[in-house]
Each structure stands twice: as C-alpha cells, then as structure tokens.
2 protein chains.
Amino acid sequence: MKTGQKSTIHDIARKAGVSPSAVSAALNGSWEKRRLSRTTVERILEVARSENYSVNLQARGLRQARSGLAGMVLPDHENRYFAELSQCFAAEAHARGLCPAIVHAGRDAAEQLRSVESLIAYAVDLVMIAGASDPPALAQACRDAHVAHVFVDHPCAEAPSVVSDNLSGAAELTRRLLSDMAPPEAGDPAGWLYFLGGAAHLPASSERIRGFRAEAGAAGALFDAEAQIRACGYESHRAEAELAALCDRLGRLPAGLFVNSIGCFEGVVRFLGGLSEDAIAACTFGCFDYDPFGTLLRFPLRMVRQRADLIVAEAYRQLDAGASGPRLVRIAPDLL
Amino acid sequence: MKTGQKSTIHDIARKAGVSPSAVSAALNGSWEKRRLSRTTVERILEVARSENYSVNLQARGLRQARSGLAGMVLPDHENRYFAELSQCFAAEAHARGLCPAIVHAGRDAAEQLRSVESLIAYAVDLVMIAGASDPPALAQACRDAHVAHVFVDHPCAEAPSVVSDNLSGAAELTRRLLSDMAPPEAGDPAGWLYFLGGAAHLPASSERIRGFRAEAGAAGALFDAEAQIRACGYESHRAEAELAALCDRLGRLPAGLFVNSIGCFEGVVRFLGGLSEDAIAACTFGCFDYDPFGTLLRFPLRMVRQRADLIVAEAYRQLDAGASGPRLVRIAPDLL
DNA sequence: TACCCTTGCTTCATCGATTGAGCAAGCCCC
DNA sequence: GGGGCTTGCTCAATCGATGAAGCAAGGGTA
C-alpha cells in the first residue's frame, strides 16, 4: 500500500505467485471447494494482510448481481418511532452481513419513488419502506426490479406489510382511559372522552379511530362521534388549536383525551401550560405514541408504545419468506 | 421488461440499432461531446424509456472508481442530536446527487472501524463520522483508502473535525443560570450552581466543564470545584443517583443545576418527580442539549441546542475543501 | 485527384472479483 | 504402461458501463 493505490486481487496474486482466481478463492472462503492447498491459502492471506487488502464490493456486487446493501426508505428521523425503526433495521442488516443504506425521502411520493429507484440501481438486496405516500408505485418499482421489499408503518395493499396493530392498540388505550375516568354521561359533553389528532384518510389513524369507536361504543361512551373524534392532522399547532376550541365549547378540559401521536401531544402540552393544576388533574390523558419524557410530566399519561423492534423483525421475516404478494401483519403495541 | 430481467445498455443498443457506447453517451449526457446526432439520441432515449431502463450504479461505480454513495457512521439514533445530524447529512448528500449510506456502529471502536472499512469497500465518495470512539484509527483507514473524511461531534486530532463550541456554549449557559439565581455565597453550598453528568475524559464534556469552570470562576461562584462538578457519566440513572446524593448532603435541591446532556436530564426529572412544587421552584435548571418537551415542563428550563444543521454544512465544506490534515472547527450552539 | 476535416458513429479495453471449465502432474491399480 | 482418479492450480468469460481510439462517409479545399 505504499503505492497509494488500493491493491486488488491481481496485485496480491503477483506478489504471492499465484493467479487472481486463487486469491479470490482464498479470500472469500471458497478455497476448499476449489481445492487450493492450505499452504497456498496461507501464503495468499499473509500477502493480503501485509498489503492491507480489502475487497472491492462494487466489483463483487457487479459480478454477483447483488450488492450486500440493505436499503431503507423513510420520511425522516425527527420522529422517535422512525428513528427506532431505522435503528432496528440497521442492527438486523448488520447481523446479516449487509450494509444498511438508509435514505430519508420525506413525504413526497415522487421523491420516495426516486429514492427507491436509486436503491434499486445500487442492486440492494432488499428494501424496507416506512411511511410510504404512494405504496403501489413503490411496490411496482421493486417488483419490476425483482428486489425483495416490505412495507412498514404504512402498509401496501399489494406487498408484504408490517404495521402496528393500531386497531387493538387504540381499543386498549380507549378502554384504559375509560376505566380511569368517571363514567361519561350522554348529557354532559365535558365528561366525555375525546380523540384528538391524526388524519382520518391515513391507514394508521383510520384504524385507531375504528378502535376508539368500537371500544367507546361498546362501553356506551360514544355519544356524538362527530364531536368526539377530532382528526385534525398531525401537526402540533393544529392539535393545540383544536383542543383550545374544544375547551372553549365545553367551558373546561374534557374528562378524557386520547391524543393520536406524540407530535399532537406536544401541542396539547403547550395548551396545558396555560391551565391550573386542578384543571389538568380533572382530565385523563392518553397518547398513541411514546416519549421518555411522557412519564415525567406533572400529570399521569398513558402511552402506547409501538414495537419497532418486533415490527422490523417481522418485516425481515417476510423478506426471508420471499413473499411478494399482499400480506398484512399487525404487531401489538405496548400500553404503558 | 417483460423478460423479467433488468435491461442493460446492451439491450437498449440492440433495440435502437446502435452500439452500447452510444447508449451510454446518450443516457449520461455526454452525447454532445461524443458527437452523437440529436435524432439518434432521441431514438435511444425513447427505447430506454419504453424498456424502463435504469443504470446499474455498481457497474458505473466500478468503472469510475467511485460509487455515488455518501457514507456516515454514527453510534445510534436514539439520541435526538445524532438523529438530527444524520437527517442533515442525508439531506445534503441528496442535494449533491449522492445516496446516503448511514451505518449505526454503536460505541465500540472495533465495530466502528469495521463499519468505516465496509463503507470504503463500497468506494463511498466521502465519509462523515460522528461520535468516534477511536478517531485516529478511523482517520488512518480513510487516509489509506484516499477517501475524503470528516469527524463531527467527537473530533479527531489528525483530520478535519467539526464540533459544537462546547466551551463557549457551556460558559454562556453558566452565565445565564448564575444571572437567574440569587448570588451564591461561599458559606452556603445549597446556594451554589452544580454541574451534573457527562464523562470528563471525553472532549465534549471536558470542554463544557472548562466553560463552566471559567465562567463560574469569573463570577466568583466557584467555591469547591470538586464538589460542584459531578461528571458522573451519561446514563440517566447515574445522574439521578448523583442528584439524590447531592440533595441528601445539602438537605435540599441546590440553587442551580447545569445538566450535561438530555439523557442525564431524564434522570433529573425522574428524581424531581418525588419533590414538591416549591422545592423545585427554588432551583434554576439548565441543560446542555435540546428536547421539545423541555419547554413543556412544569418549571423553566434553559437549554442549549447544538446546531446539527450548521455542523453538517461546515463538515461538507471541509470535505469540499479537500482538507485531510488536522483542523478543528467549532460551531456555536443556541441558548434557548 | 489528392488531401484534410468534420460528422457520427463503432470497437475494444477497462474497472475488480467471481466461477465454470480445463489442464498438468502425481498416484493407484490392474 | 495405460486408463482413471485426485490434487492443485490456471484460463478466460462474465457482470454492465465507460471512454479513448479509430474508422467510414461525406464535404470542402488546393
């Protein structure tokens, strides 16, 4: 390596007095199958070590029509849940001897498609897609390229998908909140449980809303779905404004609040900043998401923690199974 | 693409009735230089589109001895600051037409080295390393491979590095906390300002401690450095225990607390959970790190926010400049 | 007519590793 | 001593894209 150039199997071959193919076999472990003698292999390895050789993975990948890269596309990392997903994804990729290539593609469908195509162009061995805006288009691109793919968080109707069990998670949280509250009565809207935040047209939110409806309905606590379910979007300030409007109508905080997502919850906490301890204590809070500071607030908070670890593990299992058709797996989240 | 195989420039060439090199030139934009006629190029592009062609980046990378990959190594993503770093890194890589390959390598030096070598084996065009445990070894590997590299968060003495200005950031936070507190007196340890958390042997913490010492010293508020500076590590439970011990000694919360890192702050908040409002109100809190929930706590908190965006931008600037020798740039953090 | 220049392509080597096919030497056995 | 087997390697094609060099046809010029 004094030459300043990376050494290749040809350099090693020359110095060891063998052919490049012998070097290749010695280095990648196929030497027994190729009947190289142990002494030759040791000589080669010795030279390789002294030359500080490292294989060119692009060349290998080109030859083998694979790359050893594991691709993941996700909107961003600011979200704790996505950060956890990517962390788990990378850990498992690593355990499989793959190199994780993680691309932040935002929420724009075209941008996500370009990211997936770019990963495909690198001949990634698999693709995991989180929070897809237009799942079918991405699935199509992967299918065309014969790349194993799986969706997480936001499912795809035409490909293997692994998501949190939003329905039962929401139902469970709802049940818990209702059991923590005084039994609501039809005539007293301030005593009801409200659902706040999220976008009803997205799968995750819609499932959570279904769970909320079903459970609240079963408990006789759903009096006016229109009023009780306020899917005002995911931005914190929208949630803040929505809650402010609600309090204005009710004359006080409602008895129970099911907040959909940690982002919305930030808005809620901001709003609560202006209220008295007593006013806050009269409300039971739940959030469908997790943040370590959630347990450290001045009021009790039930949180649903999505199991990024289990979701990613199951997603890899789907990839292993080679499934490419539609298949939706739901992973139960934890209630804290 | 009905064949089920990815099409190559050879396929396109055949269908367009030209040579593969003409296809290559047409597709990568060098056709004018190569004097292809516009009509031929258009025919080629038409065929390529209909074949749904996409270039094999491994082949291109092999030929050109580069990959179009931008590599980043970092310990993990659970930390908000690292998450932001990776986010900014990916955004800028993207803007440059590079594909970000982000590897979580943990804190283990050997593991980090393997990750860097792996990226090098993919012929990444640049490497950004955050939170390196053994910077010189990683720098060595990059230098040997002639790969542009830069360190962030944890600097390297032998390579370009960009870090937060921990010294002045800590000094500023210290000054602010002292101005928010009643002037401490030598005889009353409970009235002093304390520094909690971090590892004194790490560059970031040691700089922050220097900043704290200097500022507290200048303000005449450093009475017993040994007692006032408690770099008990980064884990939240260590900080919790340390604070508990301190309160035990003092008989109450100190008048001021400079918490080094958000993780430690979690421990602090946990401890505060057992105290009364009044006890907490008597203490002035600051944290060298940022979390959106920090502003939502029941007591005021000054936070120092590290500018991941500026750090990454400067790091890319160092890469562009082609510097490979030692060079340490400090980026001033924000005080909130 | 001979020469040069431009235009518009093609040919072929190349990047580095892999791998099926093949070859030479040595040994065994009848 | 000839056929067959094993051992231990080498040869050469291959993956797909690139680009330097070259070539043929046509136009212009002397």
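Below, chains carry the letters A, B, ... as their sequence lines are ordered, and counting in each starts from 1. Just so we're clear, the structure is a prediction, and the values are computed from it rather than from any experiment.
- Here the nucleotide nearest the side chain of B:Ser21, chosen from D:dC11, D:dG19, D:dA17, is D:dG19.
- In summary, of the residues considered (B:Glu111, B:Arg114, B:His104), a side-chain hydrogen bond (donor to acceptor under 3.5 Å, both in side chains) with A:His94 occurs for B:Glu111 alone.
- For the pair A:Leu57 CG and C:dC15 P, the computed distance is 18 Å after rounding to whole Å.
- For the OP1/OP2 pair of D:dA17 and a distance below 4.0 Å, the side-chain nitrogens and oxygens of B:Tyr53 include at least one atom meeting the criterion.
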Start with the C-alpha gap between B:Val116 and B:Cys142, add the side-chain angles, then the distance that decides, and say whether side chain to side chain contact (heavy atoms under 4.5 Å, CB included) holds.
-> CA-CA 8 Å; B:Val116 167; B:Cys142 292; 3.8 Å; yes

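- A salt bridge is defined here as a Lys NZ or Arg NE, NH1 or NH2 lying under 4.0 Å from an Asp or Glu carboxylate O, and A:Arg96 with A:Asp320 meets this definition.
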For the pair A:Val152 and A:Ile129, evaluate side chain to side chain contact (heavy atoms under 4.5 Å, CB included) and give the outcome as yes or no after the intermediate values.
-> CA-CA 6 Å; A:Val152 296; A:Ile129 302 169; over 6 Å; no

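- Using a 4.0 Å heavy-atom cutoff across all strands shown, A:Val55 reaches sugar-phosphate atoms only and no base atom.
- For the pair B:Ile311/B:Tyr316, no side-chain contact is recorded, criterion being any heavy-atom separation below 4.5 Å from C-beta on.
- Rounded to an integer number of Å, the gap from B:Lys33 NZ to D:dG19 P is 7 Å.
- Among C:dT19, D:dT10, D:dG16, the nucleotide with an atom closest to any side-chain atom of B:Leu62 is D:dG16.
- Under 4.0 angstrom from either OP1 or OP2 of C:dT10 there lies at least one side-chain N or O belonging to B:Ser19.
- Between A:Arg49 and A:Glu46 there is a salt bridge, with a side-chain nitrogen of the basic residue lying less than 4.0 Å from a carboxylate oxygen of the acidic one.
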Close N/O contacts between protein and nucleotides 6-8 of chain D (under 3.5 Å):
| residue | atom | partner | partner atom | Å |
| --- | --- | --- | --- | --- |
| D:dG8 | N7 | A:Arg35 | NE | 3.0 |
| D:dG8 | N7 | A:Arg35 | NH2 | 3.1 |
| D:dG8 | O6 | A:Arg35 | NH2 | 2.6 |

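- At a threshold of 4.0 angstrom between heavy atoms, the contacts of A:Gln58 with the nucleic acid are absent.
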Walk me through it: do B:Cys99 and A:Val103 pass the test side chain to side chain contact (heavy atoms under 4.5 Å, CB included)?
-> CA-CA 7 Å; B:Cys99 181; A:Val103 188; 4.1 Å; yes

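- To the nearest angstrom, C1' of D:dC15 lies 12 Å from CD1 of B:Ile9.
- If you check every strand for non-hydrogen atoms under 4.0 Å, B:Val18 touches sugar and phosphate atoms only.
- Both A:Arg43 and B:Ser54 lie near DNA chain D, and the one whose nearest nucleotide falls closer to the 5' end is A:Arg43.
- C:dG8 atom P lies 13 Å from atom CD1 of B:Ile44, rounded to whole Å.
- We find that CG of A:Asp11 is positioned 13 Å from C1' of C:dC15, with the value rounded to whole Å.
- When the side-chain nitrogen and oxygen atoms of B:Gln64 are compared with OP1 and OP2 of C:dT14, none of them lie within a distance under 4.0 Å.
- Looking at which nucleotide of DNA chain C each of B:Ala59 and B:Arg38 is closest to, the 5′-most match is held by B:Arg38.
- Nucleic acid contact for B:Thr8: sugar-phosphate only, since backbone atoms but no base atoms lie under 4.0 Å from a heavy atom of the residue.
- Distance, A:Ile12 CD1 to D:dT10 C1': 18 Å, rounded to whole Å.
- One can place CH2 of B:Trp31 at 20 Å from P of D:dA17, the figure rounded to the nearest angstrom.
- Here the side chains of B:Val162 and B:Phe151 are not in contact, with every heavy-atom distance at 4.5 Å or above.
- Taking atom NE2 of B:His10 as the reference point, atom C1' of D:dT14 lies 11 Å away to the nearest angstrom.
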